[in-house]
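For reference, the structure is listed below as structure tokens.
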Amino acid sequence: MSRTIRLLLLLILILTGCYDRVDLNELEIVVGIGLDVTEDGKIKATVQVLNPSSLTNGNSDSEPFAQIESVAESFTEAVRYANLYSPNRLYYPHNRLIIFSEEFAKTHGTHHVIDWVMRTEEPREDLFILITSGEASDVLGTRFPTGPIPSFEITQIVLTSYVNSVSTVTTAFNYAKNLASNIPITVFGRIEKTTETNGEMITYSGGALIEKHHFLDYLTETETKGFNWLTGQYKTGLVVTRTKNTEDQFTFEIVRNNSKVSPVLKDGKLTFEVKTEVSGRIIKMKSSKSLLDPNAWPGYLQVIEEGIKSDMKAAIDKAHTTGDFLGLGDLVKRKFPNYWRDNEEAWEKIWPTASFTFDIHIAIHGVGKINRFM
């Protein structure tokens with residue numbers, strides 16, 4: 001190959017390598033989406049975008065973010081129409097959350113939104129999906145003392161929710177996976193905005209049940225902890241309880257755990273075995289006197305076990321009244337496909353009659369704060 005031809009090929013590669021490049025100045029970076037319903041039943045989409053000029057120009061009077069509202073008959077239209085109110089094209093790859101209002105989930109459902117996320121090129125599949133009983137746009141616009149961009153702060157709250165395990169973290173991918181697995185109910189994280197004497201406050205706890213893409217009911221903190229235990233999503237948290245004999249209150253911090261639910265089929269009878277291993281430490285106790293008594297330690301283990309089991313039973317009881325949001329049918333389908341094929345149609349009548357057995361092992365590896373020694 002001659003030198004001239006090589007140079008021509010190199011020039012072609014250089015000139016055509018960035019044909020689809022888009023300058024950042026021509027984009028609006030979307031960092032959050034809120035979905036509400038107007039009084040006449042239409043969809044209101046609130047898109048939060050960054051305003052980098054407020055930071056780069058040092059203009060303290062300008063907000064570092066902006067919220068674009070668009071109203072339409074469908075979600076896809078609302079998202080597209082939002083571009084009419086923006087000088088630049090909306091850009092979604094950096095968005096980490098979508099907040100549904102309860103009213104939106106009741107009247108319009110959630111599937112078409114998640115379908116847009118999964119099928120469209122730009123949105124992230126790992127974005128968080130949350131629900132609120134109020135207005136999603138209000139939650140999205142909450143001012144935080146810790147940072148100037150509300151969506152960033154809300155995302156951080158979700159990412160650090162593992163500290164207490166009283167809420168659940170669900171992504172668009174999780175939702176789509178549940179649909180593919182025939183899990184009828186998906187649990188969304190619940191976020192609420194309240195007004196306190198010292199300003200606005202966001203709480204992220206509990207969960208919401210979405211059945212067939214529509215809002216069904218809420219989960220309490222206890223039911224959500226039980227859901228996390230039974231689905232292997234429990235990270236760390238606290239068990240606050242009392243010893244049976246001395247009635248001394250103490251707090252047990254869960255450091256590590258492993259939990260698994262297994263279906264068992266024997267003589268045509270279905271049961272579920274729950275096996276859990278937990279290790280942690282007592283971080284607060286009124287008195288150390290009982291700690292010196294070796295006969296008292298089995299009592300500690302027993303009440304901790306009962307506290308964890310109580311959370312699990314709360315979630316199971318909730319599932320009995322609302323539906324199989326624990327994904328038990330999916331476990332049976334994978335382990336006993338023939339049984340599932342014969343009983344799939346009657347599953348919602350069969351599984352509530354199944355019993356649960358609990359095998360919980362507790363290990364205490366240390367003691368923290370004691371209010372009174374001896």
Side-chain angles (χ1 to χ4, degrees), residues 12-36 38 42-101 104 108 110 112-130 135-144 146-159 170-173 175-176 191 202:
I12 291 173
L13 290 174
I14 292 174
L15 293 174
T16 61
C18 300
Y19 74 94
D20 60 346
R21 180 183 65 87
V22 179
D23 195 285
L24 284 176
N25 293 327
E26 300 174 4
L27 300 174
E28 297 288 357
I29 308 299
V30 177
V31 292
I33 299 175
L35 298 174
D36 295 298
T38 62
K42 293 183 179 180
I43 290 176
K44 182 180 77 171
T46 303
V47 180
Q48 189 171 106
V49 298
L50 296 180
N51 179 20
S53 62
S54 67
L55 300 175
T56 57
N57 298 333
N59 185 2
S60 59
D61 296 331
S62 177
E63 288 275 18
F65 70 93
Q67 295 203 161
I68 301 170
E69 292 187 356
S70 175
V71 177
E73 295 288 345
S74 70
F75 166 75
T76 306
E77 286 180 311
V79 171
R80 284 186 175 271
Y81 288 167
N83 275 283
L84 299 176
Y85 307 99
S86 170
N88 300 312
R89 181 170 71 86
L90 299 180
Y91 188 64
Y92 292 93
H94 296 283
N95 179 36
R96 291 300 307 275
L97 58 92
I98 293 179
I99 303 175
F100 295 89
S101 71
F104 182 97
H108 294 278
T110 57
H112 57 295
V113 179
I114 307 304
D115 185 69
W116 172 81
V117 172
M118 301 301 292
R119 292 179 181 273
T120 310
E121 182 179 352
E122 288 186 358
R124 301 170 57 134
E125 295 180 357
D126 64 344
L127 61 80
F128 302 122
I129 46 179
L130 317 175
E135 291 287 309
S137 58
D138 288 344
V139 175
L140 199 62
T142 304
R143 268 61 172 180
F144 290 82
T146 53
I149 312 296
S151 289
F152 288 176
E153 303 307 306
I154 294 172
T155 298
Q156 196 59 34
I157 289 174
V158 177
L159 288 171
T170 303
T171 65
F173 179 80
Y175 185 94
I191 189 167
I202 287 291

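Just so you know, these numbers use all the heavy atoms, side chains as well, and skip hydrogens, waters and symmetry mates.
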Mind listing the closest non-hydrogen atom pair of [X] and [Y] along with its distance?
X    : Y    : answer
I43  : E73  : CD1-O, 4.0 Å
S137 : K44  : OG-NZ, 3.6 Å
I154 : L140 : CD1-CA, 4.4 Å
L90  : A82  : CD1-CB, 3.7 Å
A72  : A78  : CB-N, 3.5 Å
Q48  : P150 : OE1-CD, 3.6 Å

message = Going by the rule salt bridge (Lys or Arg N to Asp or Glu O under 4.0 Å), which residues pair with D138 if we only count those two or more places apart in sequence or in a different chain?
response =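 For D138 there are no salt bridge (Lys or Arg N to Asp or Glu O under 4.0 Å) partners, ignoring immediate neighbours.
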request  = Please identify each residue that fulfils salt bridge (Lys or Arg N to Asp or Glu O under 4.0 Å) with E125, with sequence neighbours left out.
outcome  = none
Going from [atom1] on [X] to [atom2] on [Y], what distance comes out if it is rounded to the nearest 0.5 angstrom?
X    : Y    : atom1 : atom2 : answer
T110 : I129 : OG1   : CD1   : 7.0 Å
L127 : T171 : CG    : OG1   : 7.5 Å
I202 : I191 : CD1   : CD1   : 4.5 Å
T146 : I157 : OG1   : CD1   : 7.5 Å
Q67  : Y85  : CD    : OH    : 15.5 Å
L97  : R124 : CG    : CZ    : 10.5 Å

Checking [X] side chain against [Y] main chain: does a donor-acceptor pair fall under 3.5 Å?
X    : Y    : answer
D36  : A136 : yes
N51  : E63  : yes
R143 : G141 : yes

task = Could you check V71 against E69 for side-chain contact (heavy atoms from CB on, under 4.5 Å), going step by step and ending with a plain yes or no?
result = CA-CA 7 Å; V71 177; E69 292 187 356; 6.0 Å; no
request  = Run the numbers on V31 and F65 for side-chain contact (heavy atoms from CB on, under 4.5 Å), then give the verdict.
outcome  = CA-CA 9 Å; V31 292; F65 70 93; 5.9 Å; no
query = Who are the ring-ring contact (aromatic ring centres under 6.0 Å, His included) partners of Y92, not counting sequence neighbours?
reply =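 Partners of Y92 by the ring-ring contact (aromatic ring centres under 6.0 Å, His included) criterion, ordered by chain and then number, come out as W116.
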request  = Could I get the full list of ring-ring contact (aromatic ring centres under 6.0 Å, His included) partners for F128, not counting sequence neighbours?
outcome  =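 Partners of F128 under the ring-ring contact (aromatic ring centres under 6.0 Å, His included) test: none.
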ask   = Is the CZ atom of F144 crowded by more than 12 outside heavy atoms at less than 6.0 Å?
value =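 Yes, because the 6.0 Å sphere around CZ of F144 holds more than 12 heavy atoms from other groups.
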ask   = Stepwise, does the salt bridge (charged side-chain N to carboxylate O under 4.0 Å, His left out) test hold for K42 with E77?
value = CA-CA 11 Å; K42 293 183 179 180; E77 286 180 311; over 6 Å; no
Tell me, do [X] and [Y] make a side-chain contact under 4.5 Å, heavy atoms counted?
X    : Y    : value
L50  : F152 : yes
E135 : S101 : no
P123 : N95  : no
V30  : V49  : yes

Test log, rule side-chain contact (heavy atoms from CB on, under 4.5 Å), inputs V113 and F104 = CA-CA 11 Å; V113 179; F104 182 97; 4.1 Å; yes
message = Taking side-chain contact (heavy atoms from CB on, under 4.5 Å) as the definition, give me every residue that meets it alongside T76, ordered by chain and number, with sequence neighbours left out.
response = S74, R80
query = side chain to side chain donor-acceptor pair (under 3.5 Å) with S86: which residues, sequence neighbours excluded?
reply = none
